[in-house]
Amino acid sequence: MNKKIRVRFAPSPTGALHIGGLRTALYNYLFAKKYNGDFILRIEDTDIKRNIKKSINYILKTLKWCKIKYNEGFHKKGKYCPYIQSKRIFIYKKYLKKLINNNFAYYSFETKQELNIYKTKYKNFIYNSLTRNKLKNSLTLNSTLTKKYIKNKNYVIRLKTPTNYNIIFYDKVYGQIKINTNEIDDKILFRSDSTPTYHLASVIDDHIMKISHIIRGKEWISSTPIHILIYNYFNWNLPNFVHLPLILNDIGGKISKRLNYNDSVPIYPINSKHFNIKNSYKKKGFLPKAFINIISLLGWSPNANKEIYTFNNIIKLFDLNNISKKDVHLNYKKFCWINKQYINNSNSHFIDNILLKFLKKKINNKKIKTIYLKKIIKLTKNRISLINDIWNVSYYFFINPIQFNIPNYISLFIKKKYTEILFFFNQIILFFKKKKKKKEIEIFLNKISNIIYLKLLRISLVGKLIGINMLYILSLINNKIIINRINYFLKQIIIK
RNA sequence: GGCCCAUUAGUCUAUUGGUUAGGACGUCAGAUUUUCAUUCUGGAAAGAGGGGUUCAAUUCCCCUAUGGGCUACCA
């Protein structure tokens, strides 16, 4: 019975891959990796109307960024090619015929409008064994009429669900679940435009591709009985079902709710008329390794009081038994904290290069030397959580402050001791007229006994009371610039 | 409305019948930092409510409440 573990991630290319989708992909990947199984990427593009061309590429790019590798599937050669459902329709048609011939599926001739009328007229209208006898389909109409409808292609094909039959299945996360067939409708398997629906295509593919575990979002629990019926009708062995808790957005709703693209949080930046999203986890400055750590903890937790894990450790520890049943709320601050741990604790050379690249791009000034930037990075990087934050903690080395944020008690001090302050700054200007060594600056700084003077100096150079130690600011910023900034600051004070 | 699922601090979670209910983010206080941030130390903070079962229930059962999912010729 020890069948090979084979799992799949089967996104439909209808939009940006959001954090929930990526979590599903990751859990499938982790499970496959842990048990030396196969991880398959299958594109489920059966709904032509909703397909967005760019999204397949987007999904691929996102998985690549996260280093989630699939060893079989779209764009790769494999035993069960092609791995995109729009190119497998002939297969689904073949199996569909079997269902019809065995009386497990039938033609139904109501138009969408007619169905809508039923739905508004009768509360809780369901197209199933309780109602289909009174409706327009191949089970009720005589053969000539049926043939006529089929010839005109005005039909859909529905699954024939049994009457009052309890479908009981065992979910690895949620345990036993029981749903009565009277509650589900005769789902459409094949649309009037001759395309299969998800239910048909995915069950057939999962069987053909020998998928052993179906790991997917909890929203599929209600559809699982339909899938089980199809498996049973074909006399196929059931796969293991593993439903994952949902990831909820701040409002508490499903993160990928219907067609609301803006609700989903993209991982990778993407530009197209369908995605009007400027921000992404990648662009904000999350590191892929940290991000994997973050999403691995969204609905799963190892039994340890630890938060930071390497990818390999996550694979080792990953266990379906530790998946939570409770839906997950995102905690963005914790995401940032985890990312910070990676910035400060992983290979510093690697992180420094990323930061260097970011700063160089931001400054866009080739005169500024790499060694200089590296020094600044070294001094400031323990202050950031996201890569992009490096600018917020180091900008004052590159741009002059224009506005000054002066607290009240210092404003009062300026008014009182105006002439003394002028004298103080003149001394500093004088001091910086000549090149100075770090040691000399340190001695000079130590002579300043009044803290407020130091604070004033900081404000004149940085613009506000933030930033690294004054010694480093004074020794890293060019003397001329220091003097210019002070002069500008003094002018501003006079105006006030 | 119907069906299904969930419910430990603001959030993520550990303990799965006997614990001072543990950890993390956040928050608050203190120390370090001339400032800010970091870092460190410490504090506050939880079993939705009501019934059972049991010597004992956060843990098992029932009801209620709340939240979520599904209820498409979407996936």
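Taking atom C1' in both B:U15 and B:C74, one finds a spacing of 41 Å when rounded to whole Å. Rounded to whole Å, the separation between the C1' atoms of B:C36 and B:G42 comes to 23 Å. Separating the P atom of B:C12 from that of B:G50 is a span of 23 Å, rounded to the nearest Å. Rounded to whole Å, the P atom of B:A21 lies 11 Å from the corresponding atom of B:U58. A distance of about 15 Å separates the P atoms of B:U13 and B:A48, rounded to the whole Å. Taking atom P in both B:A45 and B:G10, one finds a spacing of 11 Å when rounded to whole Å. For the C1' atom pair drawn from B:A46 and B:G23, the interatomic distance equals 14 Å after rounding to whole Å.
Along RNA chain B, the nucleotide nearest to A:D185 and the one nearest to A:S301 differ in position, and the one closer to the 5' end is contacted by A:S301. When the nearest nucleotides of RNA chain B are assigned to A:F109 and A:S324 by heavy-atom distance, the more 5′-ward of the two goes with A:S324.
With no hydrogens or angles considered, no side-chain donor-acceptor pair links A:S385 and A:N339 at under 3.5 Å.
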Exercise for review: Starting from the C-alpha separation in whole Å, work towards a yes-or-no answer on side chain to side chain contact (heavy atoms under 4.5 Å, CB included) for A:T111 and A:N154.
Suggested key: CA-CA 8 Å; A:T111 59; A:N154 290 324; over 6 Å; no
Run A:L130 and A:T163 through side chain to side chain contact (heavy atoms under 4.5 Å, CB included) and show every step you take. CA-CA 7 Å; A:L130 307 175; A:T163 313; 4.0 Å; yes
Show, in sequence, the C-alpha distance, side-chain angles and deciding distance for A:Y107 and A:Y149, and conclude whether the ring-ring contact (aromatic ring centres under 6.0 Å, His included) test is met. CA-CA 9 Å; A:Y107 296 88; A:Y149 273 116; over 10 Å; no
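Panel note: side chain A:H18, backbone A:G20; a donor-acceptor pair is recorded below 3.5 Å. A donor-acceptor pair is defined here as one N or O able to donate and one able to accept, closer than 3.5 Å; such a pair exists between the side chain of A:N128 and the backbone of A:N182. Judged purely by atom type and a 3.5 angstrom limit, A:N28 has no side-chain atom pairing as donor or acceptor with the backbone of A:V7.
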Cut-off 3.5 Å, no hydrogens considered: what does the side-chain donor-acceptor table look like for residues 396-403 of chain A, sequence neighbours left out?
unit_1 : atom_1 : unit_2 : atom_2 : d
A:Y396 : OH     : A:I468 : N      : 3.0
A:N400 : OD1    : A:R485 : NE     : 2.7
A:N400 : OD1    : A:R485 : NH2    : 3.2

Between side-chain atoms of residues 444-455 of chain A and protein atoms elsewhere (two or more places apart, or another chain), which donor-acceptor pairs fall under 3.5 Å?
unit_1 : atom_1 : unit_2 : atom_2 : d
A:N446 : ND2    : A:E442 : O      : 3.3
A:N450 : OD1    : A:I452 : N      : 3.0
A:K455 : NZ     : A:Y409 : OH     : 2.9

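Contacts of A:D47 with the nucleic acid, taken as non-hydrogen atoms under 4.0 Å apart, involve only primed sugar atoms and P, OP1 or OP2. Across all strands shown, A:E110 has heavy atoms under 4.0 Å from base atoms, whether or not it also approaches the sugar-phosphate. Here A:S108 lies out of heavy-atom contact (under 4.0 Å) with every strand.
Each of B:C73, B:C5, B:A75 was ranked by its minimum atom distance to the side chain of A:K218; first place goes to B:C5. Minimum atom distance to the side chain of A:Y174 is reached by B:C5, of the listed B:C74, B:C73, B:C5. Among the nucleotides B:A75, B:C12, B:C73, the one closest to the side chain of A:K326 is B:C12. The side chain of A:V328 lies closest to B:C12 when the candidates are B:C12, B:C73, B:G1. In this structure, the nucleotide among B:A75, B:G2, B:C73 sitting nearest to the side chain of A:K119 is B:C73.
The CD1 atom of A:I184 sits 16 Å away from the C1' atom of B:A72 (whole-angstrom rounding). Atoms CD1 (A:I177) and C1' (B:C5) sit 7 Å apart, rounded to a whole Å. Atom CD1 of A:I323 is separated from atom P of B:A6 by 15 Å (rounded to the nearest Å). The distance from atom CD of A:E183 to atom P of B:C5 is 12 Å, rounded to the nearest whole Å. Rounded to an integer number of Å, the gap from A:L130 CG to B:U71 P is 19 Å. Put simply, CD1 on A:I294 is 15 Å from P on B:U13, counting in whole angstrom units. Rounded to an integer number of Å, the gap from CG of A:L200 to P of B:A75 is 11 Å. Between A:K325 atom NZ and B:U16 atom P the separation is 15 Å, expressed in whole Å.
The base of B:G68 has none of its N or O atoms less than 3.5 Å from a complementary donor or acceptor on the side chain of A:D327. Judged by distance alone, with hydrogens and angles left aside, A:S192 brings a side-chain donor or acceptor within reach of the base of B:C73, the pair sitting under 3.5 Å.
With a cut-off of 3.5 Å on both pairing distances, the Watson-Crick or G-U wobble partner of B:C3 is B:G69. Taking a pair to require two hydrogen-bonding distances under 3.5 Å in either a Watson-Crick or a G-U wobble arrangement, B:G26 remains unpaired.
Rounded to the nearest 0.5 angstrom, A:T131 OG1 and A:Y127 OH are separated by 7.0 Å. Between the CG atom in A:L26 and the CG atom in A:N293 there is a gap of 10.0 Å [rounded to 0.5 Å]. Here CD1 of A:I230 is found 7.5 Å from CD1 of A:I204. Values are rounded to the nearest 0.5 Å.
Between A:T197 and B:C74, a side-chain N or O to OP1/OP2 separation shorter than 4.0 Å is absent. Phosphate contact (OP1/OP2 of B:U11, side-chain N/O of A:H329, threshold under 4.0 Å): absent. Using a 4.0 Å cut-off, no side-chain N or O of A:K340 falls inside it from OP1 or OP2 of B:U38.
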What nitrogen or oxygen pairs link the protein and nucleotides 64-66 of chain B at under 3.5 Å?
none

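Remark: A:D45 engages A:S86 in a side-chain hydrogen bond (donor to acceptor under 3.5 Å, both in side chains) (not counting sequence neighbours).
A heavy atom lying under 4.0 Å from RNA chain B marks the following residues of residues 149-165 of chain A, by number: A:V156.
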A correct 5'-to-3' footprint of nucleotides 20-35 of chain B, with B, S and - meaning base, sugar-phosphate only and no protein heavy atom under 4.0 Å, is --BSBBS-------BB
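Within the cation-pi definition used here (under 6.0 Å to the ring centroid, within 45° of the axis), A:K284 qualifies as a partner of A:Y281.
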